[in-house]
Participant: 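Structure in structure tokens, see below.
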Amino acid sequence: EGGENRRAHVAFQGVAGDLEQLLQELKDAVGETRLGDQRIVSLEGRSGIGKTAVLRMFRAYCRHEGIPVALVSAQDFNTPVEALEILGKTLADDNIRLRAFRKVLKRYKDIRSRIQHPNAKPASDKWQGLLRGAEKLSEAAGDVAPLPYAKLGSKVVSASLGLASDLRPNLAYVTADEDELYSDPRKEKLTSAFLEDLRVREHRIVLMLDSCECVGGEQMDRWLCDLLRQMPGNTFVVVAGKVGLDQRQWNQWWPGWVVRVRSVEVPEMSEHDVCRLIEAFYDQVSAHKKKPDPIQVKKIAGWTQGNLL
């Protein structure tokens, strides 16, 4: 039994040592005079194994060294706009002002507000004039139903104007350029402005994204791939999740990405070793030197999910 407990302690020390080594490797990598080709690190491992702990310790190290750093969780956003805004706010805590991005974000929010609130004042007379002409064409075509905002009811009108038959409601309140910014699912203009602000800085920046498995859907995964692919050379990125990045999809979106991303599998302890270590700890702290309830030990082991740190 003593041998079993010693083996469990060795297993625990091995996992803790692996995490410490991983943390040191991150420190060494970000401290290089010039970041190498593998400026992106992907950590993979089950929940509770210590990924978030490593990211938080690395964030503390970066702040101690004066390196601007942002650590965000994919659980906190659902869209590219939300993700970029959270990253921007977090970097602002380290006095990183993303001026170009903030300008585009402000414009995007203004457009969104006008589209979501139909009583807002139109941005220009361009769409108003277009709608007046469309209404006349609609009446001539025999479709005299009221025209709700920019929704053109007649296919004749749509064909005449070269427009889709079902334009977004309230499109009259934005210009064509504004509509492009708002409707782009990958938000390329917002992303480009964010990246440009990072690119103009001479100093190193660290971005970390935790719980990557929560990045929902192919569209968001594609956006994340595009974001990482375009990261400037002064930016060091760490992503972490229960599962690794989708190799099949990412190979299509970013050919050759595997040589640019260093993938690390975070180790874990076996359930048997976790149980033995819990029993050994119980033996040390119990005043009565009784054996712990095996069922309770298994419940505790399950709760730790392979990580006792």
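We count residues from 1, following the sequence as given.
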Participant: Tell me whether Q252 contacts the main-chain N or O of Q249 through its side chain, where contact means a donor paired with an acceptor under 3.5 Å.
Facilitator: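 No, Q252 side chain to Q249 backbone: no donor-acceptor pair under 3.5 Å.
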Participant: Give the C-alpha distance, both sets of side-chain angles, the deciding distance and a yes or no for side chain to side chain contact (heavy atoms under 4.5 Å, CB included) between D177 and K189.
Facilitator: CA-CA 11 Å; D177 181 62; K189 289 186 177 180; 3.1 Å; yes
Participant: Identify the heavy atoms of G88 and F194 that sit nearest to each other, and give their distance.
Facilitator: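 Taking G88 first and F194 second, the nearest heavy atoms are N-CE1, 4.3 Å.
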Participant: If you measure from the Lys or Arg side-chain nitrogens to the Asp or Glu carboxylate oxygens, is any gap between D93 and K89 under 4.0 Å?
Facilitator: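 Judged by the 4.0 Å cut-off on N to carboxylate O distance, D93 and K89 do not form a salt bridge.
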Participant: Within a reach of under 6.0 Å around NZ of K27, are more than 12 heavy atoms found that belong to other residues, nucleotides or ligands?
Facilitator: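 Atom NZ in K27 is crowded, with more than 12 foreign heavy atoms closer than 6.0 Å.
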Participant: How would you list, by chain and number, every residue that makes a side-chain hydrogen bond (donor to acceptor under 3.5 Å, both in side chains) with E85, sequence neighbours excluded?
Facilitator: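 With sequence neighbours excluded, E85 shows a side-chain hydrogen bond (donor to acceptor under 3.5 Å, both in side chains) to K109, given in chain and number order.
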Participant: Take R260 and R229 through the side chain to side chain contact (heavy atoms under 4.5 Å, CB included) test and state the conclusion after the steps.
Facilitator: CA-CA 9 Å; R260 300 290 182 183; R229 177 175 56 83; over 6 Å; no
Participant: For R199, I'd like to know if atom CZ has over 12 heavy atoms of other residues, nucleotides or ligands within 6.0 Å.
Facilitator: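 More than 12 heavy atoms, drawn from other residues, nucleotides or ligands, come within 6.0 Å of this atom.
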Participant: Is there side-chain contact between R107 and L181, with at least one heavy-atom pair below 4.5 Å?
Facilitator: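 Yes, close enough: below the 4.5 Å cut-off.
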Participant: Can a donor-acceptor pair be found between the side chains of T52 and D210 at a distance below 3.5 Å?
Facilitator: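 Per modelled atom types, T52 and D210 side chains form a pair under 3.5 Å.
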Participant: Please test D110 against K106 for salt bridge (charged side-chain N to carboxylate O under 4.0 Å, His left out), starting from the C-alpha separation and ending with a verdict.
Facilitator: CA-CA 6 Å; D110 176 64; K106 183 178 183 300; over 6 Å; no
Participant: Are the side chain of D94 and the backbone N or O of I96 linked by a donor-acceptor pair below 3.5 Å?
Facilitator: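 Not at all, since once roles are kept as given, no pair shorter than 3.5 Å links the two residues.
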Participant: To the nearest 0.5 Å, what is the distance between CH2 on W254 and SG on C225?
Facilitator: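 Output value for this atom pair is 6.5 Å.
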Participant: Give a yes or no answer on whether the side chain of R39 reaches the backbone of P232 with a donor-acceptor pair at less than 3.5 Å.
Facilitator: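 A pair under 3.5 Å: yes.
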Participant: Starting from the C-alpha separation in whole Å, work towards a yes-or-no answer on side chain to side chain contact (heavy atoms under 4.5 Å, CB included) for M220 and F77.
Facilitator: CA-CA 10 Å; M220 278 296 295; F77 60 79; 3.7 Å; yes
Participant: Heavy atoms, side chains only, cut-off 4.5 Å: are L71 and T90 in contact?
Facilitator: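 The answer is no; the side chains never approach within 4.5 Å.
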Participant: Report whether V259 and W253 are members of the same hydrophobic cluster (ILVMFWY, side-chain heavy atoms less than 4.5 Å apart, transitive linking).
Facilitator: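 They do share one cluster, since a chain of ILVMFWY contacts under 4.5 Å joins V259 to W253.
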Participant: Can you see which heavy atom on A240 is nearest to which on E213, and at what distance?
Facilitator: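 Closest approach of A240 to E213: O-OE1, 4.5 Å.
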Participant: Using only atom types and a distance under 3.5 Å, with no angle test, would you say the side chain of S211 pairs donor to acceptor with the backbone of C214?
Facilitator: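 Looks like no, no N/O pair under 3.5 Å.
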Participant: Find the distance between CD1 (I205) and OG1 (T235) and round it off to the nearest 0.5 Å.
Facilitator: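 Answer for the CD1-OG1 pair, I205 versus T235, is 5.0 Å.
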Participant: Do the side chains of D197 and R99 get close enough for a salt bridge, i.e. N-O under 4.0 angstrom?
Facilitator: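 Looking at D197 and R99, the cut-off is not met.
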Participant: Taking side chain as C-beta onward, heavy atoms only, is V41 less than 4.5 Å from L26?
Facilitator: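 Side chain of V41 against side chain of L26, heavy atoms only: contact under 4.5 Å found.
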Participant: Quick check: do T79 and V81 have side-chain heavy atoms less than 4.5 Å from each other?
Facilitator: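 Side chain of T79 against side chain of V81, heavy atoms only: contact under 4.5 Å found.
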Participant: Please give me the minimum heavy-atom distance between A74 and L209, naming the atom from each residue.
Facilitator: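 The answer is N-CD1, 3.7 Å.
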Participant: Listed by chain and number, what are the ring-ring contact (aromatic ring centres under 6.0 Å, His included) partners of F58, not counting sequence neighbours?
Facilitator: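 By the ring-ring contact (aromatic ring centres under 6.0 Å, His included) rule, F58 matches no residue at all.
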Participant: Hey, what do you get for CG (L98) to CG (L84), rounding to the nearest 0.5 Å?
Facilitator: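 With rounding to 0.5 Å, CG (L98) is 9.5 Å from CG (L84).
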Participant: Return the set of residues passing ring-ring contact (aromatic ring centres under 6.0 Å, His included) with F236 (not counting sequence neighbours), or none when no residue passes.
Facilitator: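 For F236, no residue satisfies ring-ring contact (aromatic ring centres under 6.0 Å, His included) once neighbours in sequence are set aside.
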Participant: Not counting sequence neighbours, list each pair that qualifies as a side-chain hydrogen bond (donor to acceptor under 3.5 Å, both in side chains) and has a residue in residues 57-67.
Facilitator: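 Qualifying pairs, neighbours excluded: none.
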Participant: The criterion is ring-ring contact (aromatic ring centres under 6.0 Å, His included); which residues satisfy it with Y108, sequence neighbours excluded?
Facilitator: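 Partners of Y108 under the ring-ring contact (aromatic ring centres under 6.0 Å, His included) test: Y182.
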Participant: Got a second to check how far L87's CG is from M208's CE, nearest 0.5 Å?
Facilitator: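 CE of M208 is found 11.0 Å from CG of L87.
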Participant: Indicate yes or no: does K187 engage D184 in a salt bridge with an N to O separation below 4.0 Å.
Facilitator: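 Salt bridge absent between K187 and D184.
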Participant: The criterion is side-chain hydrogen bond (donor to acceptor under 3.5 Å, both in side chains); which residues satisfy it with D28, sequence neighbours excluded?
Facilitator: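 Only Q24 meet the side-chain hydrogen bond (donor to acceptor under 3.5 Å, both in side chains) criterion with D28.
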Participant: To the closest 0.5 Å, what do you measure between CD (Q219) and CG (D221)?
Facilitator: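 One gets 11.0 Å once the value is rounded to the nearest 0.5 Å.
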Participant: Do V200 and V104 belong to the same hydrophobic cluster, where Ile, Leu, Val, Met, Phe, Trp and Tyr are linked whenever their side-chain heavy atoms lie under 4.5 Å apart, directly or via other members?
Facilitator: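 Not linked; separate clusters.
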Participant: What I want to check is whether the side chains of N251 and W257 have a donor and an acceptor closer together than 3.5 Å.
Facilitator: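 The answer is yes; a qualifying pair exists.
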Participant: Indicate the atoms forming the closest heavy-atom contact of V30 with R204, along with that distance.
Facilitator: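 Distance-wise, the nearest heavy atoms are O-NH1, 2.9 Å.
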Participant: Compare every heavy atom of R186 with every heavy atom of T191, then report the nearest pair and how far apart it is.
Facilitator: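 Looks like OG1-O, 3.8 Å.
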Participant: Could you report the tightest heavy-atom contact between L195 and M231, atom names first, then the distance?
Facilitator: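 Reported closest heavy-atom pair: CD2-SD, 4.0 Å.
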Participant: Check whether S192 reaches the backbone of E188 with its side chain - one donor and one acceptor, N or O, closer than 3.5 Å.
Facilitator: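 Yes: the side chain of S192 pairs with the backbone of E188.
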Participant: Between the side chain of K51 and the main-chain N/O of L43, is any donor-acceptor distance below 3.5 Å?
Facilitator: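 Judged by distance alone, no pair lies under 3.5 Å.
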Participant: Nearest 0.5 Å, please: how far is CG in L224 from SG in C212?
Facilitator: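 The distance works out to 6.0 Å.
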Participant: Between I115 and I111, is the side chain to side chain contact (heavy atoms under 4.5 Å, CB included) condition met? List the steps.
Facilitator: CA-CA 6 Å; I115 288 179; I111 297 168; 3.9 Å; yes
